[in-house]
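Structure first, then comments.
Just so we're on the same page: letters track the sequence lines, and every chain starts at 1. Reckoned from all heavy atoms, side chains included, excluding hydrogens, waters and symmetry mates.
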Amino acid sequence: MSFRREEALRILAIAVMMASLASAVSDLALRLVPAFQPAPLVGLAFLVCLEGVAADRMARQLPDSNARTRFHIIEWVVILLVLRLVLALSQGLAAFAATAERWLGSPVALVDWGLATAALLLLLVWFLGVQMARAFEALEPPLDVAPPKDSAAYYAWSTRPQSAESGEGWQALVKYFLGGGVLLLLASGLARLDIQAMLSLRNPALAGIVGNALLYFVLGFILLAQGHYSLLRLRWERRSAPVSRALARRWLRLVIGFTVGLALVALLLPVRPTLELFAAAFHVLASVLYVILGLVMGIFAVLGYLLSLLMRLFGQQATGEPAPEPTMAITPPPTPVPAQHVGWWEAIQGLVLWAIVLAVLIYALVRFVRERRGLLASLRLRVGPLGWLSRLLTTFWRWFSRTSVQVGTRVRSLLTRRQATQLGHSVQRRLRWFRPRNAREQVRLLYLLGLQQLSQAGLERRAADTPYEYAQRVEPNLPEGAPDLETLTQAFVAARYSRRDFEPAEVSPLQSAYRRLRRLARRITGKQSAP
Amino acid sequence: MSGLVGFLVLLLVLAAALRIDFFFYLFYLSLGVTVLGRWWAQRAARSVSYERTHPERVFWGERPLVKLEIHNRGWLPVLWLHVHDSFPVELHSPNFFQQVLSLMPHERVTLGYELECRHRGYYPLGPLALESGDLLGSVRIALSYSTPDTLVVYPRIIPLPDLGFPSRTMYGSLPSRQRIFEDPSRIMGVRDYVPGDSLRHMAWKASATVGRLQVKRYQPAIALDTTIFLNLNRNDYSQRRLYWASELAIVVAASVASALVERRQAVGLGTTGHDPMIEANDDGDTKNGDARVNCPPTMPPRKGRRSLMPILDLLARVQAADGPDFGSFLQRETSHLTWGSTLVLVTGQVNDALFGAMAYLRRSGFSVVLITVDAGASFQSVRARAGRIGVPAYEVWEEADLERWGLGVRREEA
């Protein structure tokens with residue numbers, strides 16, 4: 001897996017935007033929790049976003065959803081481990097030692113509210129970053145290099161539709177950019193706002209520049225413009241319109257110049273007159289509301305007086321016993337539990353728990369690094385920030401390997417050997433599939449996966465078979481799966497040859513059909529392999 | 001970009017409610033990117049001009065280069081510009097030229113494309129469509145320029161060095177048996193003097209030699225103009241070969257006209273086809289009493305290459321149509337021609353009315369040559385019948401016949 005230069009720059013820009021967003025949310029968290037340290041979290045958000053984009057691309061190469069899920073679980077175990085270490089180390093070495101001692105006593109103490117909050121923030125950043133990168137990827141023209149003819153991907157390539165639905169990618173890009181922007185504004189605003197002053201309608205204007213928000217929006221608009229360029233380029237390619245070589249470079253220069261220049265001009269524009277204008281409008285509105293409220297209250301008072309007169313006329317007396325004042329129960333502060341001696345049984349429990357935690361972590365780390373070995377190797381050769389980052393990660397990994405070797409050489413070597421053999425088999429068996437970017441491609445992928453399953457069951461598709469011919473030929477051998485195969489075939493033909501748009505809702509029945517077909521194919525495969 | 005507009009409104013509300021200065025800066029930035037981006041794109045696109053340069057007339061088979069000079073006259077750069085120039089599919093396939101480019105302030109870019117002129121015709125070039133937009137895709141500017149640029153592709157001209165028509169019927173200044181004019185530069189011999197002979201024609205040396213008065217004999221000569229009459233009435237062509245045969249007839253007419261001009265003869269042209277450059281008369285007073293088609297006026301015979309260009313122009317434009325009857329057309333259009341002129345009739349098929357007209361023309365003193373391009377199997381009878389009224393008839397079934405004809409090999413000759 002490799003990234004083009006422009007693509008790498010875009011991903012870096014997305015990561016910077018996500019770090020800006022994390023910074024804004026961290027500011028808010030800092031206000032709520034004064035001991036919170038946002039700086040390491042911002043850096044971690046940047047790295048998580050980069051890693052998430054690369055990992056998402058690798059995961060989509062896997063044909064099986066189970067493999068993808070396992071891949072992401074491993075990824076998140078590692079992220080959480082790093083987050084835990086970073087959060088603990090950010091409090092200083094002395095505090096880290098005390099915390100580590102507490103962890104040794106109780107592994108459950110690894111998870112606390114601070115970790116959960118930071119993990120949620122990273123999850124948000126990871127999700128937004130991955131989705132924006134996916135949206136950009138959907139805007140890129142499809143790779144037109146034919147795969148080898150004997151590979152499964154060749155049929156997918158040869159039957160690919162010529163018109164890509166890149167509009168979805170553009171809409172997704174705008175949606176995620178604006179969604180992240182609103183989140184950032186809310187977080188920045190709440191982090192700076194004096195709630196008490198606002199509730200008392202004394203809301204003084206807050207001056208100052210929020211650098212992370214400015215960075216987010218300037219980069220975001222540049223990325224949106226680049227996304228629009230990709231969309232246009234795709235359209236031009238579809239029309240076979242030759243594009244001037246200088247256009248891409250000029251576009252980037254003009255967009256950066258325009259956006260940055262506009263940001264500088266915007267900073268020079270006065271804000272106070274606008275604020276005063278809104279304040280005046282707000283006062284007028286408040287006065288009108290006050291008058292209306294007074295009128296309503298007056299009407300109610302008159303009505304109440306008339307009602308009391310009426311009740312007095314009928315001889316009823318209003319019972320006006322005052323309600324008892326609610327007493328506020330003040331709970332005493334919890335008394336500290338005296339430290340107890342840990343018994344041998346609890347010590348064994350702790351050891352077992354730690355062994356499990358360590359095993360999971362080491363397994364996750366080993367898989368994590370092995371699955372990204374190619375990516376790291378290619379990145380190490382680069383110059384610039386990406387190369388520097390990859391070298392840093394490599395150094396970190398080497399340090400971690402040495403440490404883990406010291407902790408349990410034998411266990412790790414056993415696990416590594418087993419995983420290596422499994423990985424070797426899986427690499428041999430793994431087929432490279434194209435990444436579905438929209439509903440249409442998902443439909444095609446499902447059909448092709450179905451073909452693969454049937455092929456493993458001995459019902460191979462001949463090169464000259466059209467989808468309908470293949471279905472007609474296979475159906476006598478597959479009476480139970482005929483309706484599902486027919487459904488998949490019709491959907492595939494529509495996805496391949498028609499120009500109608502596919503809705504995501506259309507995919508789920510096809511997924512069900514594929515799963516039934518897969519079960520059937522596996523049953524046939526099992527029967528064939530049985531003696 | 002409705003999402004961006006909603007975002008702007010939300011940003012404004014947040015800025016007003018929270019009273020944070022920086023939100024207003026972001027609002028200005030977002031508004032600027034959206035509104036100023038649109039203004040920039042619209043302003044820049046409208047300052048783009050273009051100029052199309054190309055030869056106005058080309059011969060069949062040439063590949064003229066059309067140049068498009070795109071000029072940004074404004075101070076704002078054009079972020080992107082999709083140039084799309086259209087032309088008839090007969091000139092190139094696909095029938096458009098397109099290029100995407102960007103223009104810096106006052107930049108000129110010259111684009112060019114070649115046309116393949118394999119079909120004669122009168123072709124409009126364009127319209128030129130320019131498309132541009134802003135950096136976020138919120139506005140699309142489409143401009144279309146319909147200019148009167150046209151290109152005339154002359155019909156194919158097949159060289160005819162040896163036409164091989166009977167000498168008295170085809171060429172203008174040629175020997176004639178009708179001794180009306182005698183050319184003193186062409187002495188063909190001497191004869192005995194008879195009273196009444198002019199003394200200026202006396203052959204004194206011959207008289208001295210033979211001992212009797214001798215008079216020079218001159219070759220008779222007459223300036224015989226040639227007018228080509230091209231029949232493009234659809235009814236005189238078979239439906240199956242209408243297009244090919246009518247095009248072939250035009251090639252025959254152009255080749256004969258060119259060959260005659262090469263010999264410095266005066267050539268004219270009349271046709272029953274439809275000229276798209278001539279609009280129908282509003283009062284319906286059309287020639288020939290046929291309101292459906294306006295035939296172009298018959299061009300009187302003229303000498304020189306300058307006279308060939310209008311003929312080729314007309315032959316490039318003219319199309320087969322439901323025109324007037326060819327026979328009656330000939331009778332009317334030949335009334336003003338010089339007595340003794342040669343008429344070359346190029347037609348698809350020959351009917352009785354045309355035979356009647358040819359007999360009338362012969363009786364009127366014209367030399368008539370008949371060339372058919374769609375007679376087919378009936379040509380033998382046509383040739384025999386034409387021969388009876390003294391009209392040589394030729395058949396051209398395909399362009400190769402004309403090429404062979406130019407080399408002196410005839411397919412059918414009267």
Side-chain angles (χ1 to χ4, degrees), chain A residues 170-171 174-175 177-178 181-182 185-186 188-190 192-193 198 203-210 213-214 217-218 221-222 224-225 227-229 231-233 235-236 239-244 246-247 250-251 254-255 258-259 262-263 265-267 269-272 274-275 277-279 281-282, chain B residues 1-8 10-37 40 44 76-84 94 96-104 107 109 111 113 131-138 140:
Chain A
W170 169 247
Q171 286 166 5
V174 174
K175 184 176 74 179
F177 162 66
L178 294 181
V182 170
L185 289 175
L186 284 175
S188 299
L190 290 174
R192 281 161 182 76
L193 207 61
M198 192 180 175
N203 190 13
L206 297 174
I209 293 174
V210 185
L214 183 65
F217 278 94
V218 168
F221 279 123
I222 291 172
L224 276 189
H228 182 229
Y229 173 69
L231 191 68
L232 284 173
R233 201 178 56 183
R235 191 178 300 155
W236 296 329
R239 292 185 194 173
S240 307
V243 181
S244 159
L247 182 58
R250 279 187 182 177
W251 180 289
L254 287 172
V255 164
F258 178 69
T259 313
L262 209 57
V265 170
L267 289 177
L269 290 176
V271 169
R272 294 289 154 180
T274 318
L275 271 175
L277 192 70
F278 276 103
F282 181 74
Chain B
M1 293 302 287
S2 57
L4 198 56
V5 176
F7 174 75
L8 281 173
L10 180 68
L11 189 57
L12 188 63
V13 170
L14 275 178
L18 302 180
R19 292 171 62 79
I20 298 177
D21 282 9
F22 191 71
F23 283 14
F24 280 103
Y25 294 133
L26 291 181
F27 175 73
Y28 294 155
L29 171 66
S30 308
L31 192 70
V33 169
T34 313
V35 176
L36 279 182
W40 169 21
L76 290 171
V78 181
L79 197 57
W80 64 272
L81 188 72
H82 184 200
V83 181
H84 186 282
F96 57 84
F97 165 80
Q98 57 178 350
Q99 175 81 37
V100 182
L101 50 104
S102 67
L103 291 170
M104 298 309 278
E107 186 181 0
V109 174
L111 310 170
Y113 57 89
E131 190 184 4
S132 185
D134 66 341
L135 70 168
L136 292 183
S138 60
R140 184 68 52 86

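Taking 4.5 Å as the limit, some side-chain heavy atom of Val33(B) sits within range of a side-chain heavy atom of Leu262(A). Residues Phe217(A) and Leu11(B) have side chains not in contact (no heavy-atom distance under 4.5 Å, counting atoms from C-beta outward). Using a 4.5 Å cut-off on side-chain heavy atoms (C-beta onward), Leu214(A) and Tyr25(B) make no contact.
The minimum heavy-atom distance linking Phe258(A) with Gly37(B) is given by the pair CZ-N, 3.8 Å. Taking every heavy atom of both residues into account, Gln98(B) and Pro242(A) meet most closely at O-CD, 3.2 Å. The two residues Leu232(A) and Arg140(B) make their nearest non-hydrogen contact at CD2-NH2, 4.1 Å.
In this structure, the separation between CG on Leu178(A) and OG on Ser30(B) is 8.5 Å, given to the nearest 0.5 Å. Atom-to-atom distance recorded for Leu135(B):CG and Leu254(A):CG is 9.5 Å, nearest 0.5 angstrom.
For Leu8(B), no part lies under 4.5 angstrom from a heavy atom of chain A. In this structure, chain A has no heavy atom under 4.5 Å from any part of Leu31(B). Contacts of Phe221(A) with chain B are made by both backbone and side-chain atoms, with heavy-atom separations under 4.5 Å. Of the atoms belonging to Leu14(B), it is side-chain heavy atoms, and not backbone ones, that fall under 4.5 Å from chain A.
Partners of Val182(A) by side-chain contact (heavy atoms from CB on, under 4.5 Å), not counting sequence neighbours, listed by chain and number: Leu186(A), Phe7(B), Leu10(B).
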Go through the steps for Val218(A) and Leu29(B) under the test side chain to side chain contact (heavy atoms under 4.5 Å, CB included), then give the verdict. CA-CA 8 Å; Val218(A) 168; Leu29(B) 171 66; 4.1 Å; yes

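Judged by distance alone, the side chains of His84(B) and Arg239(A) never bring a donor and an acceptor atom under 3.5 Å apart.
Classified by interplanar angle (parallel below 30°, tilted 30° to 60°, perpendicular above 60°), the ring pair His228(A)/Trp80(B) is perpendicular.
Under the 4.0 Å criterion applied to side-chain N and carboxylate O atoms, Glu131(B) and Arg235(A) are not assigned as salt-bridge partners.
When each of Val100(B), Leu81(B), Leu101(B) is tested with Leu247(A) by the rule side-chain contact (heavy atoms from CB on, under 4.5 Å), just one qualifies, namely Val100(B).
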